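Working notes, beginning with the structure itself.
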Amino acid sequence: MNMLKQHKYLLTTKRFKLREWKRQDASFLFALNSDPEVMKYVVQEPFMSVEDAGEFAEKYDHYQTYGFGRWLVELHDGTPVGWCGVKWHEDDGFLDLGYRFAKVYWGQGFATECAAACCVWTFENTDYNTITGRAMPDNIASWKVFEKLGFTFDKMAECDAHPAKYYTLDRQNYNKSFLEDFYI
């Protein structure tokens, strides 16, 4: 039985529910981006306040503009643990898979499970043919997630003025059954 379900861009896996960000997520998003360990390989600046995080979540228009985006990841009991999803980079012309989880949840396969579900959702619900994943060279955990999911190393290139490893997963090489094994 396929556990990937869509309800207004909501995904459900065996452990998680993914949904659009809301202003009410501000405290969690602020805390997530305030952890130096979580932000170690992230170029983005942390939010200056809970209010800033709330405004960001409220103004995030990727859902309306593209029909997808970064989704808040919750345990089935509603506890937020991170975010995961795809984002279209208009200026660079590519679809980027990204994720960020609270440190207490690292090493439990959360990123792999959610990223696999997001890849399946993307190929099953959009016309995009390639998903890109990027990670700084020292961020071994992230590029191992990409490799585990069948992404192939594409190139070393800059990402926000920092060196990054770029990985890609193409629709023609994507194996839905293989990816579903990570979250069913």
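Given the structure is predicted, the values throughout are model-derived calculations rather than measurements.
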* To do: Please lay out, stage by stage, how Asp138 and Tyr41 fare under the test side chain to side chain contact (heavy atoms under 4.5 Å, CB included).
  => CA-CA 8 Å; Asp138 292 341; Tyr41 299 113; 3.7 Å; yes
* **side chain to side chain contact (heavy atoms under 4.5 Å, CB included) between Cys119 and Val86, intermediate numbers included** => CA-CA 8 Å; Cys119 288; Val86 293; over 6 Å; no
* Take Tyr105 and Lys103 through the side chain to side chain donor-acceptor pair (under 3.5 Å) test and state the conclusion after the steps. => CA-CA 5 Å; Tyr105 300 109; Lys103 187 178 177 187; over 6 Å; no
* Between Val73 and Tyr99, does a side chain to side chain contact (heavy atoms under 4.5 Å, CB included) hold up when you go through it step by step? -> CA-CA 9 Å; Val73 177; Tyr99 45 83; over 6 Å; no
* Asked: Where do Phe68 and Tyr128 land on the ring-ring contact (aromatic ring centres under 6.0 Å, His included) test, with the steps shown first?
  -> CA-CA 12 Å; Phe68 54 81; Tyr128 292 96; 5.6 Å; yes
* To do: Start with the C-alpha distance between Phe123 and Ile131, add both sets of side-chain angles, then the distance that settles side chain to side chain contact (heavy atoms under 4.5 Å, CB included), and finish with yes or no.
  => CA-CA 9 Å; Phe123 288 132; Ile131 301 171; 3.7 Å; yes
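The aromatic rings of Trp71 and Trp121 sit perpendicular to each other, their planes meeting at more than 60°, with 30° as the lower class boundary. Ring-plane geometry between Phe16 and Phe110 is classed as perpendicular, the angle between the planes exceeding 60 degrees on a 0 to 90 degree scale with a lower cut at 30. Between Tyr63 and Tyr60, the angle of the ring planes goes over 60°, which puts this pair in the perpendicular group of the 30/60° scheme. The aromatic rings of Phe47 and Phe56 sit tilted relative to each other, their planes meeting at an angle between 30° and 60°.
Of all non-hydrogen atoms in Pro137 and Trp143, the two that sit nearest each other are O-NE1, 3.0 Å. For Gln44 against Asn33, the heavy-atom pair with the smallest separation is NE2-ND2, 3.6 Å.
Within the 6.0 Å centre-distance limit, the rings of Phe182 and Phe178 are counted as a close aromatic pair.
Between Arg134 and Glu158 there is no salt bridge, since no side-chain N of the basic residue sits under 4.0 Å from a carboxylate O of the acidic one. Using a 4.0 Å cut-off between a side-chain N of Lys or Arg and a carboxylate O of Asp or Glu, Lys176 and Glu124 qualify as a salt bridge. A salt bridge links Asp96 to Arg70: one of the charged nitrogens lies within less than 4.0 Å of a carboxylate oxygen. At a threshold of 4.0 Å, the pair Arg19-Asp25 counts as salt-bridged, since one of the basic side-chain nitrogens sits closer than that to a carboxylate oxygen.
Summarising the geometry, atom NZ belonging to Lys165 is positioned 10.0 Å from atom CG belonging to Asn139; distances are rounded to the nearest 0.5 Å. For the atom pair CG of Leu97 and OG1 of Thr132, the computed distance is 9.5 Å after rounding to the nearest 0.5 Å.
Within the 3.5 Å criterion, the main-chain N or O of Thr79 finds a donor-acceptor partner in the side chain of Asp77.
For Met48, the CE atom sits in a loose shell: 12 or fewer heavy atoms of surrounding residues, nucleotides or ligands are nearer than 6.0 Å. The number of heavy atoms from other shown groups lying within 6.0 Å of CG (Asp127) does not exceed 12.
Judged by the 6.0 Å and 45° rule, Lys14 forms no cation-pi pair with Tyr183.
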